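Have a look at the structure below before the remarks.
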Amino acid sequence: MFKKILIANRGEIALRIIRACKELGILSVAVYSEKDAESLHVKFADEAVCIGAASPMESYLNIPRVISAAEITNAEAIHPGYGFLAENAGFAEICESCGIKFIGPPAEVIRKMGDKSFAKETMVKSNVPVIPGNNKILENHSEAEKLADEIGYPVILKATAGGGGRGMKIIRDKSEIKKKFDIARSEAEAAFGNPGLYIEKYIENPRHIEVQILGDTYGNVIHIGERECSIQRRYQKLIEETPSPIIDSKLRKEIGDAAVRAAKGASYCNAGTVEFLLDENRNFYFMEVNTRIQVEHPITEVVSGIDLIKQQLKIAAGEKLNLQQKNIQLRGHAIECRINAEDPENGFMPSPGKIKGLHLPGGFGVRIDTHIYSQYEIPPYYDSLVAKVITFGIDRAESIERMRRVLDEMVIEGIKTTVPFHKKVISNSNFKKGLYNTSFLEKEF
Ligand code: MV4
C-alpha cells in the first residue's frame with residue numbers, strides 16, 4: 001500500500017479522502033489555494049502545500065504546481081477527487097510519466113470514455129444497449145438529415161467531446177436541422193476545441209440511472225447496484241437515492257450485468273460509474289462512463305457497507321479486488337440531499353459568505369459529509385456544495401421520513417442554502433410515491 005498520497009482537491013471530497021487515508025495508515029498531503037488556507041482539508045491532512053491563487057487555473061487546475069507539490073513531499077500517488085483534474089487524461093498521463101500513480105483508470109481509458117461517440121461504439125461491441133443513432137461523427141448537415149429520417153424525430157445532436165448535458169441540441173422537425181447542426185458544431189468547437197457531433201433518438205422524460213462499478217488491474221469487475229439521479233436541475237443533480245424506486249431485482253441484474261460488460265469492454269479499472277437512461281417503457285440505454293469517484297458515492301457505501309475510497313486506493317496500489325459479485329449485498333435504502341450555498345428563491349443564485357451559526361443534525365441512520373464549520377467563509381470561486389446529507393433506513397419510506405427530520409434539525413446561518421428547497425421535494429407526494437423522472441423539478445417546482 002502507498003505510504004503517502006497527495007489529494008488534488010478541496011472541500012468535502014478532500015476530507016473524505018483524508019479520512020480513508022488515516023484509517024489505512026496512509027499519510028496525506030493537501031494542496032490548497034491562498035483563499036483556502038483556513039480550510040479543514042488543510043488542517044486535517046498530515047502536510048499541506050499552497051499551490052497558488054484562488055482562481056482554479058492558478059491552483060487546483062494547475063498541473064505543474066500539483067505535480068511539484070507531489071514531488072517535494074514525496075507523495076507516491078495522487079487522488080484527484082471529482083471535478084478539477086479528475087477526468088483529465090493529460091493529467092493522468094503526466095502523473096504516470098513522473099512516476100506518480102494516478103488514483104483512477106489509466107489515461108487512455110479516461111481519454112476513450114471522454115470521447116462520447118467512441119465510447120458508444122465500444123458499448124455496441126460489448127453488447128450494451130445504446131440509444132438508436134449512428135455512433136459516428138457526422139460529416140455534414142445532410143448526413144444528419146438522412147439519419148434523422150431513419151431514426152425518426154425527435155432526435156438529439158450531441159458533441160462527442162461534451163457530456164454531462166453540455167453541447168446538446170434537441171431537434172423536433174426536419175426544418176430545424178441545418179441551423180441547429182451549424183450552431184451545435186461551432187458551440188462544440190468553442191467549448192471543447194472539438195466540433196465533432198453525433199446524432200441519436202431523443203428519449204422523452206427519461207430517468208437517469210447509474211451503476212457503480214469497481215474493477216481491479218487484473219480484469220475483475222463487479223457492480224454495486226444503481227443510483228437514481230433523476231432529481232436534477234440544469235444537469236446538476238440535487239437528490240440521489242438507492243435503490244431506484246423503479247427498478248426491481250430482475251432489471252437490477254440486467255442493468256448491473258450491462259454495466260459490468262461496459263466496464264470490461266472498456267478495459268476499465270478502479271471505481272467508475274456507467275450512466276444509463278431509462279425510458280418510459282423501462283428500457284435502458286447506455287449514456288456515458290464517468291471515470292471518477294462521484295459526489296453521490298456515499299449512498300452506495302451505506303447500502304453496501306463498502307468504502308469506495310479505500311477500494312480506489314487498494315486498486316491503485318495494485319491489490320486484487322477482495323470482493324466478489326455474489327457476496328455483494330445491498331440492504332435498506334439511502335438518500336442524499338446536496339446542500340448548496342445557493343438561494344432557491346432566487347433562481348439558485350450562488351450565496352457565498354461567512355457561516356455565522358451552524359448546527360449539524362445527527363442520530364441513527366445519518367451521515368453528513370461536509371467541510372464547513374461555524375465562522376468558515378465559503379469562497380465564491382468554487383463549487384457551491386457545502387454539505388451532503390445522507391440518510392438511510394430499512395426501506396425508502398423510513399429514509400425519506402428520516403431525511404425530513406434531519407433537514408428540520410439542520411441550521412446554517414449567514415448564507416442562503418438549498419435546505420428549504422429539499423424539504424419541499426422530500427414532502428412532495430409524487431416524490432414520495434417514487435413517481436418522477438428528469439423533468440420532475442421543471443414540472444412540479
Ligand atoms: C439524452 C436525453 C434524451 N435522449 N439523450 C443530459 C446529460 C447528458 N449526460 C445526456 N443527457 C440527456 N441525454 C437522448 N438521446 C436526455 C438527457 C437529459 C438528462 C439526462 C440525465 C439526467 C438529466 C437529464 C436532463 C435532461 C436531459
Side-chain angles (χ1 to χ4, degrees), residues 82-83 86-87 113-121 123-124 128-136 138 144 147-148 150-173 176-177 180-181 184 187-188 191-192 196-211 226-242 244-247 255 259 262 272-292 294-296 336 338 348 425 431 436-445:
Y82 52 71
E87 289 175 280
M113 293 301 107
D115 181 333
K116 306 303 169 187
S117 83
F118 183 89
K120 227 183 135 182
E121 195 52 44
M123 298 309 147
V124 173
V128 176
V130 300
I131 302 168
N134 72 330
N135 320 335
K136 294 226 171 46
L138 298 164
L147 284 160
E150 289 171 29
I151 297 165
Y153 289 88
V155 294
I156 186 167
L157 286 173
K158 292 185 175 178
T160 194
R166 298 178 318 150
M168 311 189 323
K169 284 271 176 294
I170 301 162
I171 300 166
R172 297 196 174 273
D173 185 280
E176 306 170 343
I177 267 209
K180 287 199 174 169
F181 181 87
E187 283 181 0
F192 318 112
L197 303 176
Y198 63 103
I199 192 168
E200 60 189 28
K201 178 83 187 165
Y202 179 66
I203 313 275
E204 309 266 8
N205 306 317
R207 296 179 77 125
H208 174 131
I209 308 283
E210 58 184 34
V211 178
E226 81 283 2
R227 295 184 287 259
E228 161 94 52
C229 306
S230 300
I231 306 287
Q232 56 78 45
R233 179 183 174 273
R234 299 189 180 170
Y235 313 118
Q236 289 282 53
K237 296 165 188 166
L238 294 171
I239 301 180
E240 307 93 355
E241 62 175 309
T242 186
S244 164
I246 193 94
I247 294 191
I255 201 167
T273 299
V274 186
E275 293 187 349
F276 295 94
L277 286 185
L278 196 72
D279 72 13
E280 287 169 319
N281 301 316
R282 296 170 86 246
N283 299 305
F284 65 86
Y285 307 94
F286 168 82
M287 194 164 50
E288 295 177 13
V289 178
N290 296 140
T291 58
R292 60 168 190 279
Q294 288 191 278
V295 176
E296 60 272 25
E336 171 178 274
R338 297 189 188 189
F348 290 81
V425 177
F431 177 79
Y436 66 84
N437 56 45
T438 51
S439 311
F440 174 82
L441 289 185
E442 232 172 299
K443 286 188 182 143
E444 301 255 351
F445 289 82

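This structure is a prediction, so every number in the text was calculated from the model and none was measured. Along the sequence shown, residues carry numbers from 1. Order of listing sets the numbers, starting from 1, for every ligand and every atom in it.
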What are the polar N/O contacts of ligand 1 with the protein below 3.5 Å, with distances?
unit_1   : atom_1 : unit_2 : atom_2 : d
ligand 1 : 4 (N)  : I203   : N      : 2.9
ligand 1 : 5 (N)  : K158   : NZ     : 2.9
ligand 1 : 9 (N)  : E288   : OE2    : 2.9
ligand 1 : 13 (N) : K158   : NZ     : 3.1
ligand 1 : 15 (N) : E200   : OE2    : 2.9
ligand 1 : 15 (N) : K201   : O      : 2.7

OG1 on T438 to NZ on K443, rounded to 0.5 Å: 8.0 Å
Sole candidate of E210, E241, E275, E240 that passes salt bridge (Lys or Arg N to Asp or Glu O under 4.0 Å) when paired with R227: E210
Partner residues of F284 under the ring pair (Phe, Tyr, Trp, His ring centres under 6.0 Å) criterion, sequence neighbours left out: F276
Side chain to side chain contact (heavy atoms under 4.5 Å, CB included) involving E200 - partner list, sequence neighbours excluded: K120, I131, I156, K158, Y198
Sequence-distant partners of F348, ring pair (Phe, Tyr, Trp, His ring centres under 6.0 Å), two or more places apart: F421
Heavy-atom closest contact (G162 atom, F192 atom, distance): CA-CZ, 3.6 Å
